[in-house]
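Take a look at this one; I'll ask things after.
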Amino acid sequence: MIRIITLVQWLIVAVLSSAMLYGCFFSDWSKKVESDREARERADATPHVIREADGCKVYAFKSGDWHYFTRCGSTVTTERNWSERQGKQTVHKSETIVTEDNK
């Protein structure tokens, strides 16, 4: 009877120790994953060059959806295309904004 109680106590200690070690590891791991996700979201939200050709740069940033704009000399053209559901139909929309740099 004493051996059974000792074995049961040993199993309980082993299980609790394992759970605590797993909890510590998982907690640190989840904090790192959250930190990495936040860093990636900040980087995506900052406009950055994704292509360059003929003196024009194409920038991208994420604010909900991905947005793109170009910068060629003194003219900035921003183009946005998206789809919206209206009932059973999908409506495609676009928007283009051209801004002249008045230096």
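Residue numbers count from 1 along this sequence.
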Checklist outcome for this item: Glu79 meets the side-chain contact (heavy atoms from CB on, under 4.5 Å) criterion, sequence neighbours left out, with Asn81, Thr96
Next on the checklist: Please say yes or no: joined through hydrophobic side-chain contacts below 4.5 Å, possibly via intermediate residues, are Val49 and Phe69 part of one cluster?
Outcome noted: yes
Checklist outcome for this item: Across all chains, not counting sequence neighbours, the ring-ring contact (aromatic ring centres under 6.0 Å, His included) partners of Phe61 are His67
Checklist entry - Taking only residues two or more places apart in sequence, or in another chain, which ones meet Glu41 in a salt bridge (charged side-chain N to carboxylate O under 4.0 Å, His left out)? => result Arg37
Checklist entry - ring-ring contact (aromatic ring centres under 6.0 Å, His included) with His48: which residues, sequence neighbours excluded? => result none
Show which side-chain atoms of residues 84-93 pair as donor or acceptor with protein atoms under 3.5 Å away, not counting sequence neighbours.
{"unit_1": "Glu84", "atom_1": "OE1", "unit_2": "Lys93", "atom_2": "NZ", "d": "3.0"}
{"unit_1": "Glu84", "atom_1": "OE2", "unit_2": "Trp82", "atom_2": "NE1", "d": "2.9"}
{"unit_1": "Arg85", "atom_1": "NH1", "unit_2": "Thr90", "atom_2": "OG1", "d": "2.9"}
{"unit_1": "His92", "atom_1": "ND1", "unit_2": "Ser83", "atom_2": "OG", "d": "2.9"}

Checklist outcome for this item: With sequence neighbours left out, the residues meeting side-chain hydrogen bond (donor to acceptor under 3.5 Å, both in side chains) with Asp65 are none
Next on the checklist: Does any part of the side chain of Glu95, heavy atoms only, come nearer than 4.5 Å to the side chain of Ile97, both counted from C-beta?
Outcome noted: yes
Item to check | Residues clustering with Tyr68 (ILVMFWY side chains joined when closer than 4.5 Å, directly or via others) | outcome: Ile50, Val58, Trp66
